[in-house]
Amino acid sequence: MRVRSTPLVGALMVLVVLVGACGNRAPDTLKSQARAGAINGSDGNGSGTGNGTGAGTGSGAGTGTAAGTGTGAGTGMGTGNGTGTGTGTATGTRSGGGTSKCSSSGDKGQSGNTMTVGLVADTTGPVSGVFQGAVQGAQAYAAYVNSTFGGICGMQVVVKAADSKTNCQGNQAATQDLVGKVFAFVGSFSVYDNCGAKILKNYPDVADVHRALDPAAQIPTNFSIEAGRLGYASGMFEYYAKKFPGQIKAVGTLSTDVPAAAASQRAFVNVAKKSGWNFVYQRGVAATETDFTSDFVKMCKQKGVKVFYTSATTASNAAAMVNNEKAAGCPDSLINIISIAYDQAFIKAMGSNVRAADGMLGWNEFALFFNQEEARNSAEVALFQQWMARVYPGRTLDLFALFSWESMRLFQDGMEKTAPQAKRQDLVAALRTITKFNGRGSLAPINPSSRTVGPTCYVLWELQNGVYRRVDTPAKGYRCDGHYEYAS
């Protein structure tokens with residue numbers, strides 16, 4: 001398996017390991033790319049993309065304006081929450097609400113005032129419910145847009161989810177069953193998405209808006225919120241090289257020894273070395289290992305490691321590693337840089353020993369989406385948290401739900417460009433015109449149609465007392481230094 005390196009890799013690692021343990025051969029290349037889309041401007045009221053008449057009410061805000069001609073805008077421009085109505089004709093940039101110039105064409109998946117989108121996800125298999133968050137993120141977005149704006153293009157959105165059962169045949173069967181019934185595929189999440197892509201190649205009029213995991217799933221009709229060839233951005237590694245110029249000359253690292261993690265690890269190490277990092281200890285650990293004390297004895301007592309870095313593993317393994325450092329006698333000065341640790345599962349695994357992780361550093365290519373502080377600074381994160389809690393109270397927020405939510409946003413962004421009537425083939429053409437997308441700030445900026453360059457912007461964070469906080473990063477937005485380095 002080969003995958004474009006991202007914090008998502010670790011989240012997939014448990015599933016990949018168990019797939020192998022159950023005797024299923026995982027795809028030769030595990031997975032990459034996603035694309036996120038924000039509706040331009042604010043989630044304002046009474047404004048619309050293009051021409052239309054009627055009223056619009058909405059809550060939630062973004063940045064930008066959507067000015068109309070005539071008597072049309074409410075109070076939803078800029079940032080903040082607002083409601084309003086518009087009468088007459090509104091022109092400008094639609095911001096997620098109000099009237100729109102697109103409408104139903106009666107194409108497949110459209111019936112009366114209803115539009116059905118398909119979603120294929122692994123919800124049963126070696127890890128039951130592993131990508132259930134993707135289904136929930138899409139459902140939450142549908143509930144939001146239906147109740148707040150009456151749907152998309154005047155149609156209530158229905159999400160029809162199918163279980164791909166964590167195998168190739170299941171993915172193909174689910175895709176084949178849905179392709180003639182839905183308007184588009186949005187928010188899918190499956191280890192075997194390359195199998196469904198073989199079906200979708202025969203339907204060039206059907207848009208597939210999801211974070212492609214396998215590079216083979218990046219077909220011409222796929223629009224991904226994290227697109228890009230195998231590799232990684234350099235900015236974060238260059239940042240730490242400047243912050244810890246002496247310490248990064250003695251780095252230790254561990255990674256899970258399965259093909260997907262190994263490919264990810266090579267991409268990380270490649271760009272880190274080019275940024276001045278020197279790895280004095282590396283080991284690929286077996287998927288079943290849970291105690292790494294002997295590794296830290298070698299790192300701290302024999303190799304003089306000053307920085308420990310890991311990302312190509314799981315959040316629970318990362319917690320075990322942090323706990324093992326103390327048992328091995330590593331000094332308090334050891335710097336932990338563990339990007340995979342931005343996960344509620346990491347805090348849970350640390351349990352009462354969470355203060356042992358104080359001072360841990362890392363980064364994301366997306367907002368701190370489950371933080372309350374982040375919600376106060378980001379209207380999109382607040383909206384995501386609000387609607388997930390409303391539709392799925394008590395649900396742990398995961399990256400799969402966020403990516404599915406933002407895939408739905410990208411889908412809506414494309415739909416609003418399909419005037420005068422929304423047809424499947426018109427959506428594909430419209431999505432190809434979208435070359436910049438950041439999920440209204442919830443994702444690092446990306447070109448969703450790209451098949452080469454991945455995201456280069458990021459959020460730096462530090463963990464203190466179980467709380468992740470931004471450091472050396474704007475309160476709203478990302479650092480965007482460095483470049484994208486392809487894996488060697």
Side-chain angles (χ1 to χ4, degrees), residues 31-37 105 107-111 114-123 131-142 145 152-153 155 157-166 168 170-227 400-401 403-415 418 422-432 434 437 448-449 451:
K31 321 280 163 181
S32 116
Q33 298 37 50
R35 135 98 156 138
S105 64
D107 205 344
K108 288 183 177 66
Q110 295 178 354
S111 178
T114 299
M115 173 170 55
T116 302
V117 297
L119 186 157
V120 177
D122 297 331
T123 56
F131 294 148
Q132 190 66 40
V135 178
Q136 294 171 341
Q139 295 282 16
Y141 188 87
V145 78
I152 298 175
C153 292
M155 293 172 283
V157 180
V158 174
V159 178
K160 188 175 180 60
D163 178 18
S164 40
K165 303 177 182 178
T166 320
C168 182
N171 190 286
Q172 284 188 327
T175 303
Q176 185 67 71
D177 178 61
L178 290 176
V179 73
K181 303 173 182 177
V182 300
F183 186 77
F185 286 83
V186 187
S188 296
F189 240 105
S190 173
V191 171
Y192 294 90
D193 58 356
N194 60 312
C195 298
K198 295 176 182 178
I199 302 295
L200 292 179
K201 279 183 178 180
N202 299 318
Y203 297 87
D205 63 329
V206 178
D208 176 31
V209 187
H210 89 283
R211 187 198 189 283
L213 296 182
D214 194 308
Q218 294 186 77
I219 59 178
T221 53
N222 172 250
F223 302 91
S224 184
I225 57 174
E226 252 189 12
F400 311 124
F403 279 4
S404 185
W405 171 282
E406 293 304 339
S407 291
M408 288 287 284
R409 271 220 180 272
L410 176 57
F411 165 70
Q412 180 173 1
D413 208 5
M415 285 293 293
T418 60
K423 297 180 181 179
R424 297 209 298 187
Q425 63 188 28
D426 295 336
L427 175 61
V428 172
L431 286 167
R432 285 180 178 147
I434 301 172
F437 185 79
S449 299
R451 306 291 185 272

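Throughout, numbering of the chain's residues begins at 1 and tracks the sequence. Just so it is clear, the structure is predicted and the values come from calculations on it, not from any experiment.
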When every non-hydrogen atom of D122 is compared with those of S164, the smallest separation belongs to OD1-OG, 2.6 Å
Here the gap from K201 atom NZ to D208 atom CG, rounded to the nearest 0.5 Å, amounts to 12.5 Å
S404 side chain to A134 backbone, donor-acceptor under 3.5 Å = yes
**Prompt:** Would you call R424 and D205 a salt bridge, taking side-chain N to carboxylate O under 4.0 Å as the test?
**Reply:** yes
Q: Using distance alone, with no hydrogens and no angle criterion, decide if T123 and D163 have a side-chain donor and acceptor under 3.5 Å apart.
A: yes
Exercise. Between F411 and I152, is any pair of side-chain heavy atoms under 4.5 Å apart?
Worked result: yes
Residues A207 and V428: closest non-hydrogen pair is N-CG2, 3.6 Å
With a 4.5 Å limit on heavy-atom distance, are the side chains of V157 and Q412 in contact?
no
Residues F185 and L200: closest non-hydrogen pair is CE1-CD2, 3.6 Å
Go through the steps to decide whether L427 and F183 satisfy the test side-chain contact (heavy atoms from CB on, under 4.5 Å), and finish with yes or no.
CA-CA 9 Å; L427 175 61; F183 186 77; 3.8 Å; yes
Rounded to the nearest 0.5 Å, the CD atom of Q172 sits from the OG atom of S190 at a distance of 10.5 Å
Margin query: Do L431 and L410 make a side-chain contact, defined as non-hydrogen atoms from C-beta onward lying under 4.5 Å apart?
Written below: yes
Main-chain N/O of F403 paired with S407 side-chain donor or acceptor, under 3.5 Å = yes
Scanning both residues in full, the closest heavy-atom pair of Q218 with N222 reads CA-OD1, 3.9 Å
Taken to the nearest 0.5 Å, the spacing of S105 OG from Q425 CD works out to 9.0 Å
Rounded to the nearest 0.5 Å, the NZ atom of K198 sits from the CD atom of Q176 at a distance of 13.5 Å
query: Can you find a pair of side-chain heavy atoms, one from V117 and one from V182, that are under 4.5 Å apart?
result: no
T166 vs F131 side-chain heavy atoms within contact, under 4.5 Å:
no
When rounded to the nearest 0.5 Å, the distance separating NZ of K165 from OH of Y192 is 14.5 Å
message = Measuring only between side-chain heavy atoms, which start at C-beta, is K181 closer than 4.5 Å to T116?
response = no
- Query: With a 4.5 Å heavy-atom cut-off, do H210 and F189 have their side chains touching?
  - Reply: no
Heavy atoms of V186 and M408 approach each other most closely as CG1-SD, 3.4 Å
* Looking only at atom types and distance, does a side-chain atom of D193 sit under 3.5 Å from a main-chain N or O of D214, one as donor and one as acceptor? -> yes
Of all heavy-atom pairs linking D107 and A422, the shortest is CB-O, 4.4 Å
